[in-house]
Amino acid sequence: MKFAVLRFPGSNCDRDMYNAAIKSGVDAEYVDYRKESLEGFDGVLIPGGFSFGDYLRSGAVASVAPVIKEVKRLAEEGKPVLGVCNGFQILTEIGLLPGALLHNDSHLFVSRNEVLNVVNNQTPFTNLYGEGEEVVYPVAHGEGHYYCTEEMYNQLVENNQIILKYADNPNGSYDDIAGIVNEKGNVCGMMPHPERALEKILGTDNGVKLFESMVKSWREQNA
């Protein structure tokens, strides 16, 4: 398995994503936002940061980058796509995930570890976690308030698309939502950073199982 780790001007978690992929036992390669092909890749990792300086709004400029057409193609083919923080914002901007990310209710940048609950462990991103398991991931965002309409929320609940919730909501997200997947289950977006939760010496290694879940699911699907 080989992951494409996208790089935009202002990305700052690309190396963390790369290291997470390698730690899970697969290959990874950095891919510039100007590339027009993701041929040969089995999945996409969209890192956090401030793509294009978050001008207009977070993820808006990145949403029209040349590589995005290929991200959509891989998603349509059922390949795993993970967007974290700014990556989540980009996934909502390009329509692969519903909803939007707004400024934190506090209007402050929040940077700390957060306790999360795995509310759906039946996805390619969470299948190695226990149902209801508590995990600790860092957060670092100013626009992390997940917003959706009531109709969107009802669809998320009906389709079991909510995978992570905050134990102590740091940003005002609707129903404490921290991470969701698309209806097919192969596209995931979340504000907390599992790629920064790989080593106990750094405070938590709870993110390891998320990347291992992705690899396990891909291998089972392609056995």
Side-chain angles (χ1 to χ4, degrees), residues 1 3 17 20-21 24 42-46 48 74-85 87-92 94-101 113-139 141 144-198 204-222:
M1 185 181 192
F3 280 112
M17 281 289 207
S24 63
D42 303 299
V44 181
L45 304 176
I46 309 177
L74 264 62
E76 182 64 29
E77 292 176 358
K79 294 181 178 179
V81 177
L82 172 66
V84 172
C85 200
F88 186 13
Q89 294 161 342
I90 292 170
L91 289 175
T92 60
I94 65 178
L96 288 182
L97 290 174
L101 281 306
N113 284 346
E114 287 290 344
V115 176
L116 308 160
N117 295 307
V118 179
V119 295
N120 178 5
N121 68 343
Q122 302 299 310
T123 77
F125 306 90
T126 57
N127 59 68
L128 290 177
Y129 293 103
E131 183 76 24
E133 182 175 345
E134 281 194 350
V135 298
V136 176
Y137 295 168
V139 300
H141 56 252
H145 176 141
Y146 179 73
Y147 169 82
C148 61
T149 64
E150 185 174 351
E151 181 181 0
M152 287 177 179
Y153 174 74
N154 291 336
Q155 290 178 340
L156 289 173
V157 172
E158 182 179 346
N159 297 322
N160 209 19
Q161 291 174 246
I162 302 169
I163 63 168
L164 291 171
K165 287 191 176 185
Y166 298 107
D168 183 17
N169 194 330
N171 50 40
S173 286
Y174 194 109
D175 195 34
D176 303 325
I177 292 172
I180 62 173
V181 292
N182 64 340
E183 288 190 37
K184 289 170 63 176
N186 66 301
V187 178
C188 175
M190 62 182 67
M191 287 310 296
H193 289 268
E195 80 284 5
R196 294 184 182 177
L198 302 181
T204 172
D205 63 353
N206 292 165
V208 173
K209 286 194 286 189
L210 184 135
F211 293 94
E212 290 179 343
S213 293
M214 295 175 68
V215 174
K216 171 178 174 288
S217 297
W218 182 86
R219 285 176 174 163
E220 290 175 349
Q221 185 178 351
N222 292 275

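Along the sequence shown, residues carry numbers from 1.
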Is the side chain of [X] donor-acceptor paired with the backbone N or O of [Y] at a distance under 3.5 Å, no angle test?
| X | Y | result |
| --- | --- | --- |
| N206 | V136 | yes |
| Y146 | G179 | no |
| Q161 | V181 | yes |
| K184 | E77 | no |
| T123 | T126 | yes |
| N186 | A75 | yes |

Original post:
Take atom CD in E131; do more than 12 heavy atoms of anything else shown fall under 6.0 Å from it?
Top reply: yes
Original post:
Counting only heavy atoms not in E150, do more than 12 sit closer than 6.0 Å to its CD atom?
Top reply: no
**OP:** Quick one: list whatever passes side chain to side chain donor-acceptor pair (under 3.5 Å) with N171, sequence neighbours left out.
**Re:** H141, Y166, S173
**OP:** Under the side chain to side chain donor-acceptor pair (under 3.5 Å) rule, collect the residues that match up with S217, sequence neighbours excluded.
**Re:** N127
Determine the minimum heavy-atom distance between [X] and [Y], stating which atoms define it.
| X | Y | answer |
| --- | --- | --- |
| H145 | G172 | CE1-O, 3.0 Å |
| L116 | Y137 | CD1-CD1, 3.3 Å |
| P80 | M214 | CB-CE, 4.1 Å |
| G132 | N117 | O-OD1, 4.3 Å |
| C148 | L156 | SG-CD1, 4.4 Å |
| S24 | V215 | OG-CG2, 3.5 Å |

Gap separating the [atom1] atom of [X] from the [atom2] atom of [Y], nearest 0.5 angstrom:
| X | Y | atom1 | atom2 | answer |
| --- | --- | --- | --- | --- |
| L164 | N121 | CG | CG | 11.0 Å |
| C188 | I46 | SG | CD1 | 11.0 Å |
| E212 | Y129 | CD | OH | 8.5 Å |
| L97 | Q89 | CG | CD | 12.0 Å |

**OP:** Quick one: do I163 and V118 satisfy side chain to side chain contact (heavy atoms under 4.5 Å, CB included)? Show the steps, please.
**Re:** CA-CA 6 Å; I163 63 168; V118 179; over 6 Å; no
side-chain contact (heavy atoms from CB on, under 4.5 Å) involving [X] - partner list, sequence neighbours excluded:
| X | result |
| --- | --- |
| D175 | Y153, K165, I177 |
| Q155 | E151, N159 |
| Q221 | none |

Within a strict 4.5 Å, meaning less than it, do heavy atoms of the [X] and [Y] side chains meet?
| X | Y | answer |
| --- | --- | --- |
| N120 | I162 | no |
| L210 | L82 | yes |
| Y147 | M152 | no |

Throw together a table of side-chain donor-acceptor distances under 3.5 angstrom for residues 190-198, partners on residues two or more places apart or in other chains.
unit_1, atom_1, unit_2, atom_2, d
H193, ND1, E195, OE2, 2.6

Subject >> F3/K79 under side chain to side chain contact (heavy atoms under 4.5 Å, CB included): CA gap, chis, key distance, verdict >> reply: CA-CA 10 Å; F3 280 112; K79 294 181 178 179; over 6 Å; no
